[in-house]
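Residues: numbered from 1 along the sequence shown.
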Amino acid sequence: MRARPLLVVLLVASVVAGIPATGWAATGVRHAPATGHDLASGPADEPRWQRRIDALIGDHAMSVTIGDDGVSWYRHLAWVKRAPASNEKLLLSMALLAAVGPDRSIETRAMAAAAPLEGVIDGDLWLVGHGDPELGPDALDTLAQQIVAAGVTRIQGSVIGDTGPFERDWWAPGWKDEFPDDEVAIPTALTFRGNVGPEGGHIEDPELRAAGYLTKALRRLGIPVKEPPGVGSPGGSRVKIAAIDSAPIIDILHRMNIDSVNFDAEVLGKVLGAEVSGTATIAAGAAAIDAFTSENGARRFEHSDASGLSYANRVTAQGMLRLLWASGKQPWAPDLRSALPIGGQGTLEGRLGHTRIRAKTGTLTDISALSGWVWSRKVKDWVEFSILSDGLSKDEAIRIEDAIVQLVSARAKAPTT
């Protein structure tokens with residue numbers, strides 16, 4: 001009985017002296033054994049590689065989760081909600097692959113009110129997009145050739161760029177005012193050259209520019225187009241004259257993720273919204289991502305866009321880990337992994353070049369993220385991880401992220417019980 005007051009005195013003294021306490025109360029969720037439950041174990045009970053990660057994190061606002069095959073190996077502040085930045089594109093990739101699969105392509109159509117009569121379209125030719133973010137001159141040249149192959153010899157009206165079927169919204173909660181000018185072009189159903197003009201600025205008339213290019217392409221092939229190009233929204237039924245397909249979705253996702261292309265993400269977010277709910281808006285794309293994350297074990301996430309530009313997006317490191325695990329069980333899992341940068345590539349340029357990794361970066365002001373897969377030399381398998389932080393400079397965040405990933409690659413293994 002006499003020892004109890006002495007113990008209290010020692011504990012109080014340790015706090016006053018600045019000696020760090022251990023366990024859940026001091027650090028939030030930290031590590032888990034094979035059962036995946038949180039532990040209040042102290043550093044003395046941790047493997048050396050975990051203690052080194054503890055030291056790297058220090059008192060930074062950083063959440064880290066590591067695990068494999070549904071088993072958590074390491075958790076630190078795993079349930080703290082943080083902005084994912086462009087890790088949102090990883091979630092978009094998962095949700096889109098779940099909705100349409102890796103091989104789906106996106107069609108761009110040439111349509112008219114009626115089939116051509118003796119080669120003549122007696123009216124306008126409508127150019128209708130459905131969310132191919134990579135549509136450009138080469139694709140429209142091919143479409144012009146397809147129109148000729150369909151027997152069209154003259155167009156009595158104009159080539160009209162369809163301003164539907166997606167909404168032309170260009171804003172999301174949590175975006176900075178300058179983002180439409182600086183970070184993401186308007187995400188339309190009919191795109192042209194990434195909706196960027198010759199001088200590099202974001203344009204507001206991609207449908208007209210696409211229609212103008214197709215008009216010139218047809219004329220080069222000897223097909224007269226009587227009237228100048230225009231834009232509008234077709235009413236009534238239309239007959240498909242010709243069509244071209246985009247690259248497979250997985251190839252578009254690969255290019256989007258390698259360089260973290262915000263425009264592609266927001267266009268594909270509308271593709272996802274249209275597929276899931278029939279509504280093609282930025283908000284509908286975000287809602288479709290939310291439905292996917294909720295259905296797969298991450299119910300506390302908050303989504304406002306598909307690109308990760310929004311500072312209002314919220315995820316947890318543990319939720320990211322669960323989604324990586326869930327995705328790993330899908331037939332498209334190898335496709336998803338291959339759609340992410342390797343070390344030294346794209347947004348990982350200059351980083352982790354000698355580490356076998358497939359991961360998505362994320363960057364906003366004072367926010368950093370890195371989530372995906374790293375190859376473990378100890379278990380000879382891919383290990384899932386997620387690192388989310390805020391309040392650090394990007395250089396400092398990268399230093400810690402890369403050191404953690406390298407430790408996992410070289411030293412980490414499943415906990416024992």
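- The closest donor-acceptor contact from the side chain of Ser72 to the backbone of Tyr74 lies at 3.5 Å or more, if one exists at all.
- The salt bridge (charged side-chain N to carboxylate O under 4.0 Å, His left out) search around Arg109 returns Glu107, not counting sequence neighbours.
- A donor-acceptor contact shorter than 3.5 Å is absent between the side chain of Thr215 and the backbone of Pro229.
- Shown here is Arg255, whose CZ atom has more than 12 heavy atoms of other residues, nucleotides or ligands within 6.0 Å.
- Applying the salt bridge (charged side-chain N to carboxylate O under 4.0 Å, His left out) test to pairs two or more places apart or on separate chains, those with a residue in residues 137-151 are Asp141-Arg220.
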Show, in sequence, the C-alpha distance, side-chain angles and deciding distance for Ser105 and Ile249, and conclude whether the side chain to side chain contact (heavy atoms under 4.5 Å, CB included) test is met. CA-CA 6 Å; Ser105 58; Ile249 284 286; over 6 Å; no
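- Proximity of a side-chain donor or acceptor of Asp162 to a complementary backbone N or O of Gly164 within less than 3.5 Å is detected.
- In this structure, the side chains of Thr293 and Val315 stay at 4.5 Å or more apart for every pair of heavy atoms.
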Output a table of donor-acceptor pairs, distance under 3.5 Å, between side-chain atoms of residues 400-407 and any protein atom two or more places apart or on a different chain; print 'none' if there are none.
{"unit_1": "Glu401", "atom_1": "OE1", "unit_2": "Arg351", "atom_2": "NH2", "d": "2.9"}
{"unit_1": "Glu401", "atom_1": "OE2", "unit_2": "Ser368", "atom_2": "OG", "d": "2.6"}
{"unit_1": "Asp402", "atom_1": "OD1", "unit_2": "Arg351", "atom_2": "NE", "d": "3.1"}
{"unit_1": "Asp402", "atom_1": "OD1", "unit_2": "Arg351", "atom_2": "NH2", "d": "2.7"}
{"unit_1": "Asp402", "atom_1": "OD2", "unit_2": "Arg351", "atom_2": "NE", "d": "3.3"}

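- Side-chain N or O atoms of Ser389 include none that pairs as donor or acceptor with a backbone N or O of Met62 at under 3.5 Å.
- Note that the CE atom of Met111 and the CD1 atom of Ile241 stand 8.0 Å from one another [nearest 0.5 Å].
- Checked against side-chain hydrogen bond (donor to acceptor under 3.5 Å, both in side chains), Gln145 has no partners two or more places apart in sequence or in another chain.
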Test side chain to side chain contact (heavy atoms under 4.5 Å, CB included) on Leu77 and Thr316 and set out the steps. CA-CA 9 Å; Leu77 301 179; Thr316 66; over 6 Å; no
Verify salt bridge (charged side-chain N to carboxylate O under 4.0 Å, His left out) between Arg209 and Glu204, making sure each step is shown before the conclusion. CA-CA 10 Å; Arg209 298 188 189 217; Glu204 298 187 32; over 6 Å; no
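- Among all heavy-atom pairs drawn from Ser310 and Leu364, the shortest one is O-CD1, 4.2 Å.
- A side-chain donor-acceptor contact under 3.5 Å links Thr163 to the backbone of Gly232.
- His202 places a side-chain N or O within donor-acceptor distance of the main-chain N or O of Asp181, the cut-off being under 3.5 Å.
- Summarising the geometry of Met320 relative to Phe301, their closest heavy-atom pair is N-CZ, 3.6 Å, with the distance given to 0.1 Å.
- In this structure, the separation between CG on Leu92 and CD1 on Ile289 is 4.5 Å, given to the nearest 0.5 Å.
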Intermediate values then yes/no, side chain to side chain contact (heavy atoms under 4.5 Å, CB included), Ile106 and Leu135: CA-CA 10 Å; Ile106 301 167; Leu135 189 75; over 6 Å; no
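- Scanning for side-chain hydrogen bond (donor to acceptor under 3.5 Å, both in side chains) contacts around Arg300 gives an empty result, with sequence neighbours left out.
- Asp124 places a side-chain N or O within 3.5 Å of a backbone atom of Ser158 that can act as its donor or acceptor partner.
- Although no hydrogens or angles enter the test, the distance criterion places no donor-acceptor pair under 3.5 Å between the side chain of Ser386 and the main chain of Leu321.
- Partners of Ala414 according to the side chain to side chain contact (heavy atoms under 4.5 Å, CB included) rule, which considers only residues two or more places apart in sequence or in another chain, are Trp73.
- Taking OG from Ser93 and CG from Leu253, the interatomic distance works out to 4.5 Å, rounded to the nearest 0.5 Å.
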Which donor-acceptor pairs under 3.5 Å do the side chains of residues 83-90 make with protein atoms, sequence neighbours left out?
{"unit_1": "Ser86", "atom_1": "OG", "unit_2": "Lys89", "atom_2": "NZ", "d": "2.7"}
{"unit_1": "Ser86", "atom_1": "OG", "unit_2": "Ser260", "atom_2": "OG", "d": "3.1"}
{"unit_1": "Asn87", "atom_1": "OD1", "unit_2": "Ser371", "atom_2": "OG", "d": "2.6"}
{"unit_1": "Asn87", "atom_1": "ND2", "unit_2": "Lys360", "atom_2": "O", "d": "2.8"}
{"unit_1": "Asn87", "atom_1": "ND2", "unit_2": "Thr361", "atom_2": "O", "d": "3.3"}
{"unit_1": "Glu88", "atom_1": "OE1", "unit_2": "His303", "atom_2": "ND1", "d": "3.4"}
{"unit_1": "Glu88", "atom_1": "OE2", "unit_2": "His303", "atom_2": "ND1", "d": "2.6"}
{"unit_1": "Lys89", "atom_1": "NZ", "unit_2": "Ser260", "atom_2": "OG", "d": "3.1"}
{"unit_1": "Lys89", "atom_1": "NZ", "unit_2": "Asn262", "atom_2": "OD1", "d": "2.8"}
{"unit_1": "Lys89", "atom_1": "NZ", "unit_2": "Ser307", "atom_2": "O", "d": "2.8"}

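- With Trp375 as the aromatic partner, Arg356 meets the cation-pi criteria of under 6.0 angstrom to the ring centre and within 45 degrees of the ring axis.
- Proximity of a side-chain donor or acceptor of Arg314 to a complementary backbone N or O of Tyr311 within less than 3.5 Å is detected.
- Met256 CE to Leu340 CG: the interatomic distance, rounded to the nearest 0.5 Å, is 9.0 Å.
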Determine all donor-acceptor pairs shorter than 3.5 Å in which one atom belongs to a side chain in residues 182-193; sequence neighbours excluded.
{"unit_1": "Thr188", "atom_1": "OG1", "unit_2": "Leu190", "atom_2": "O", "d": "2.9"}
{"unit_1": "Thr188", "atom_1": "OG1", "unit_2": "Asn195", "atom_2": "ND2", "d": "3.0"}
{"unit_1": "Thr191", "atom_1": "OG1", "unit_2": "Asp132", "atom_2": "O", "d": "2.7"}

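- Put simply, CZ on Phe292 and CG on Leu272 are 10.0 Å apart, with the number rounded to the nearest 0.5 Å.
- Between the Ser294 side chain and the Ala291 main chain, no donor and acceptor come within less than 3.5 Å of each other.
- In Lys81, the NZ atom is crowded: over 12 heavy atoms of neighbouring residues, nucleotides or ligands sit closer than 6.0 Å.
- Here Trp175 pairs with Asp305 under the side-chain hydrogen bond (donor to acceptor under 3.5 Å, both in side chains) rule; sequence neighbours left out.
- Listed here is the closest heavy atom pair of Phe166 and Ala274: CE1-CB, 4.4 Å.
- In this structure, CD1 in Ile155 is found 5.0 Å from CD1 in Ile121, a value given to the nearest 0.5 Å.
- Residues passing the side-chain hydrogen bond (donor to acceptor under 3.5 Å, both in side chains) test with Asp264: none are found, sequence neighbours excluded.
- At a threshold of 4.5 Å between non-hydrogen side-chain atoms, the residues Asp169 and Lys270 count as touching.
- Taking the charged nitrogens against the carboxylate oxygens, Arg104 and Glu275 do have a contact shorter than 4.0 Å, which makes a salt bridge.
- Applying the salt bridge (charged side-chain N to carboxylate O under 4.0 Å, His left out) test to every pair with at least one member in residues 374-395, sequence neighbours left out, gives these pairs: Arg82-Asp390.
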Verdict with supporting geometry, Asp68 and Ser376, side-chain hydrogen bond (donor to acceptor under 3.5 Å, both in side chains): CA-CA 10 Å; Asp68 181 46; Ser376 168; over 6 Å; no
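- Among residues at least two apart or in separate chains, there is no side-chain hydrogen bond (donor to acceptor under 3.5 Å, both in side chains) pair with a member in residues 327-340.
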Begin from the C-alpha positions of Phe385 and Leu324 and carry the test side chain to side chain contact (heavy atoms under 4.5 Å, CB included) through to its verdict. CA-CA 8 Å; Phe385 72 92; Leu324 290 165; over 6 Å; no
